[in-house]
Amino acid sequence: MFNALYVLTRARLQVARNSFWRGGIGRKLGAVAMITLLGLAAVGTYNVARFLVAALSGPAFSDVLAEAAAQSPGLPTDLAPYIAAVPSAVLFGALLMLVLSSFSSLLNALYLSGDIDMLLVAPVPMRAVFTLKFFSGLSTQYLLLGALLMPMLIGYGHGLGYGLIYTLAVVLVLLLLPLLPAGLGALLVMAVVRVLPAKRAREIIGVIGGLVGLSFYLTSQLSRQVAPILASPGSLNALLASDFPLLPSAWAARSLVAIGEGQALPALVYGAIFAGVSLAVFAGCLLLAERLYYAGWSNLAGQGGRVRQRRTEPEATAAPTGWLARFSDSLFGLPVQARAIVAKDLRLFTRDLRNLQQIIFPLAMAGVWTFQLLFGAGRVNAATDAAIGAQLQAFGSVGIVFFICLSLSGALAGGGISREGRAYWLLQVAPISPAKLFLGKLALAYLPYPIVGTPFLLLLALIGGTPPDVILQQWLLLLMAGLGCAAIAMGLGAVFPRLNWENPSQQTTWQAGCLSGIIYPLYLLLAVGAVIGGGIAAEMIGGGLTGFGIQSAGWLIAVLITALATWAATGAGIAGLRRIEV
């Protein structure tokens, strides 16, 4: 096993070295820049941790704390127990993040990597392959632990005057720390793959990861409400709670503190328990890998779907049935081919859970902004300028609804034609023209604005007591801006397609991304600015027939700008589709 592991590791390092030296200059500069940033982050983290710990444990801060405690009886007078519990809190947070990230990384490394088929049929032991893939899946975690957590713990120890043995113990603890959560994650991965397809399991984990990121975002948005609670003296008890003796992170932290303070017996006991449990879990993975790992891979290789029975009755058409058929038939004014494209993309959208992950975070942001808008946090103070304040207050809710619809449009349509990938040749040989194909993609990207935006805008208007004439203007502005943005997105996606992507995040080319960052704000500035500017001018004049004429002129300019943008994007997109060769 060890000889095979040595051969595989050496081959992996040679591939990485050759890929770096033969790569482009941009890739080399990016790697050097990344290493430099990590090095600077490590040095900064070490200096900050060392300075803070030395300052908090010094006699000067103790005198200041004693004076503050005399005025506020709730404050602690001795910070030594809390400072000793800092490694437990840090390692507990790191252990929690490893638990959340190890399943996804090990799933990709063990079952979804490109070289797994050749490795498993090579004349090498299964345990060697498992060990190689196990640690390669943890490479990112080890890099982050070494660049951020190691300098923090070493700076903590040097701030307290700990010696060289403590530094070596930190390195050993961080090498063993991922083994326990990753070992349990590997066992869970090998068990799940025997029940679910690996790609479906990755999609489910992606959705769960999106929900975890959502919780962090919501916590950051509620920082004003949470900060007073965390700043209270009672919150220090949570720091002591992280040093619970049954947690593996507490075992490692107590052994580090004991080594730094020169206490041999606690260091030996807690260190032996932590190292023994971590190595025992990894050894159990090795023992079970020879059977479970190969069985999971064989199931993955044999998953080709169920064999469907041939239908006895003749199929008249290949048109979709059910709610998709009724929905596509209700899209009046669109050709049959364009409606078929919409129905096809909607059916494919519901089959991939990664699409749900794309809309979780934007919808959460929209929910927070809506809450702030309704409860006064985002309201404009109209007392400073009545005309500008009235217009911004009237169209403020449109921005929230527009952001929601824009997020849903991006999730539904994605990169436009790039979502077809290498299967685009099926559309090329199908009886559908590039114009109708582009029209179907544009209709799909535009669907969220009238279907989702209209009821949500009405809900905000009813809660806010918006007048009916303002509601009509908001709705027209939403539909107009949505049409322009959907046309621009689909046009850029058709002019600069990427059909050879391997990951859905690679569908958008850098040309389309850069141009959209320029054209989107320019279009919205001109179109929306014309509407709001006309309304501001009408408010300043005082209304009447002249004010109505100025406001109507602003709307007319916005409609002309939208029509021009839609016509140009549609023409460029159709021309781009005609140039594609698969």
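Side-chain atoms are counted along with the backbone in the values below, which use heavy atoms only and exclude waters and symmetry mates. In this text, all values refer to a predicted model and were calculated from it rather than measured experimentally. Heads up: numbering here begins at 1 and tracks the sequence.
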pair Val281-Leu184: side-chain heavy atoms closer than 4.5 Å: yes
Determine the minimum heavy-atom distance between Thr562 and Met480, stating which atoms define it. OG1-CG, 3.2 Å
Tightest non-hydrogen contact, residues Trp555 and Gln473, listed as CH2-O, 3.4 Å
Determine whether Ile488 and Ser516 make a side-chain contact, defined as any pair of heavy atoms from C-beta on separated by less than 4.5 Å. no
Heavy-atom nearest pair, Ala487 first then Ala569, reads O-CB, 3.2 Å
For Ile451 and Tyr446, run side chain to side chain contact (heavy atoms under 4.5 Å, CB included): C-alpha distance rounded to whole Å, both residues' side-chain angles, the deciding distance at 0.1 Å, then the answer. CA-CA 9 Å; Ile451 295 179; Tyr446 185 64; over 6 Å; no
Rounding to 0.5 Å, atoms CD1 (Ile341) and CG (Leu444) come to a distance of 10.0 Å
Are Leu144 and Met97 close enough that some pair of their side-chain heavy atoms sits under 4.5 Å apart? no
Correct closest heavy-atom pair for Ala530 and Ile557 would be CB-CG2, 4.0 Å
Should Tyr523 and Val528 count as side-chain neighbours, where that means a heavy-atom distance under 4.5 Å? no
In Å, rounded to the nearest 0.5 Å, how long is the span from CG of Leu499 to CD1 of Ile417? 7.5 Å
When you measure from the side chain of Tyr520 to the backbone of Cys485, do you find a donor-acceptor pair of N or O atoms at a distance under 3.5 Å? yes
Please report the interatomic distance CG(Leu145) to CG(Leu138), rounded to the nearest 0.5 Å. 9.5 Å
Sub-4.5 Å side-chain heavy-atom contact between Val495 and Leu515: no
Check: Cys405 main-chain N/O paired with Ser409 side-chain donor or acceptor under 3.5 Å: no
Could you tell me which residues satisfy side-chain contact (heavy atoms from CB on, under 4.5 Å) with Ile574, sequence neighbours excluded, listed by chain and number? Pro434, Ala435, Phe438, Thr570, Arg578
Classify the ring geometry of Phe402 against Tyr449: parallel below 30°, tilted from 30° to 60°, perpendicular beyond 60°. tilted
Note: Pro335 and Leu439 closest approach over all heavy atoms is CD-CD2, 3.5 Å
Hey, does Leu447 have a side-chain heavy atom less than 4.5 Å from the side chain of Val342? yes
For the student: nearest non-hydrogen atoms of Pro497 and Ala494, plus distance: CD-O, 3.4 Å
Rounded to the nearest 0.5 Å, how far does CG of Leu492 lie from CD1 of Ile519? 5.0 Å
Could you walk me through whether Leu98 and Leu180 satisfy the side chain to side chain contact (heavy atoms under 4.5 Å, CB included) test, starting with their C-alpha distance in whole Å, then the side-chain angles of each, then the deciding distance to 0.1 Å, before giving a yes or no? CA-CA 9 Å; Leu98 288 172; Leu180 178 60; over 6 Å; no
Atom pair OG1/CD1 of Thr454 and Ile471 - distance to nearest 0.5 Å: 12.0 Å
Tell me the salt bridge (Lys or Arg N to Asp or Glu O under 4.0 Å) pairs involving residues 428-442, sequence neighbours left out? Asp345-Lys441, Glu420-Lys441
Straight-line distance of Ser552 OG to Leu556 CG, nearest 0.5 Å: 8.5 Å
